[in-house]
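I have placed the structure first, in the form of structure tokens, so that the comments after it can refer back to it.
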Amino acid sequence: MPYLVFRNFPDNTPIPDDCYSCDGAPDWAALLEWICPDLSRDEAERLAVIGEASGSRPDVAGLKRLIEEHLKP
């Protein structure tokens, strides 16, 4: 797995409002890039599909876990 640096936020950090679309749905790619600025846009988009399919609400711990579990080496 490539070495990535996550932002050092506590797990209970609220998700920024600009990471949601106007209809209130989470923008998974924006969230993934927010928590891990080193993540490429293409990889964020690919992981966003997995996050959306999970049906869960995004949080800091879940975003980190998603990246760690599904990032291509």
Side-chain angles (χ1 to χ4, degrees):
M1 177 169 112
Y3 179 74
L4 296 174
V5 176
F6 294 109
R7 293 186 190 263
N8 190 18
F9 295 130
D11 287 350
N12 63 348
T13 300
I15 301 296
D17 290 339
D18 60 346
C19 289
Y20 288 94
S21 64
C22 58
D23 66 356
D27 180 343
W28 281 89
L31 287 165
L32 292 163
E33 290 175 317
W34 168 72
I35 198 66
C36 184
D38 294 336
L39 198 62
S40 73
R41 184 67 181 170
D42 289 342
E43 193 65 12
E45 291 289 339
R46 186 185 73 78
L47 293 172
V49 172
I50 297 168
E52 290 169 2
S54 74
S56 62
R57 295 217 23 100
D59 60 21
V60 169
L63 293 168
K64 290 177 182 178
R65 189 171 41 255
L66 175 69
I67 293 169
E68 290 169 344
E69 290 175 357
H70 297 283
L71 187 66
K72 289 182 179 177

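Atom set for the values below is all heavy atoms of this structure, side chains included, hydrogens, waters and symmetry mates excluded.
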Distance-only donor-acceptor hits, side chain of residues 55-63, under 3.5 Å, sequence neighbours excluded:
from: Ser56; atom 1: OG; to: Ser54; atom 2: OG; distance (Å): 3.0
from: Asp59; atom 1: OD1; to: Gly62; atom 2: N; distance (Å): 2.6

Going by atom type alone, with no hydrogens or angles, which donor-acceptor pairs under 3.5 Å involve a side-chain atom of residues 27-36 and a protein atom two or more places apart or on another chain?
from: Asp27; atom 1: OD1; to: Ala29; atom 2: N; distance (Å): 3.3
from: Asp27; atom 1: OD1; to: Ala30; atom 2: N; distance (Å): 3.2
from: Glu33; atom 1: OE1; to: Arg41; atom 2: NH1; distance (Å): 2.5

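The line from CD of Glu68 to CZ of Phe6 is 4.5 Å long, rounded to the nearest 0.5 Å.
Judged by distance alone, the side chains of Ser21 and Asp23 do bring a donor and an acceptor atom under 3.5 Å apart.
For Arg46 and Glu43, the salt-bridge test passes: some basic side-chain N is under 4.0 Å from an acidic carboxylate O.
Closest non-hydrogen pair, Thr13 versus Pro10, comes out as OG1-O, 2.7 Å.
Cluster membership for Leu71 and Ile50, using ILVMFWY side-chain heavy atoms within less than 4.5 angstrom, is shared.
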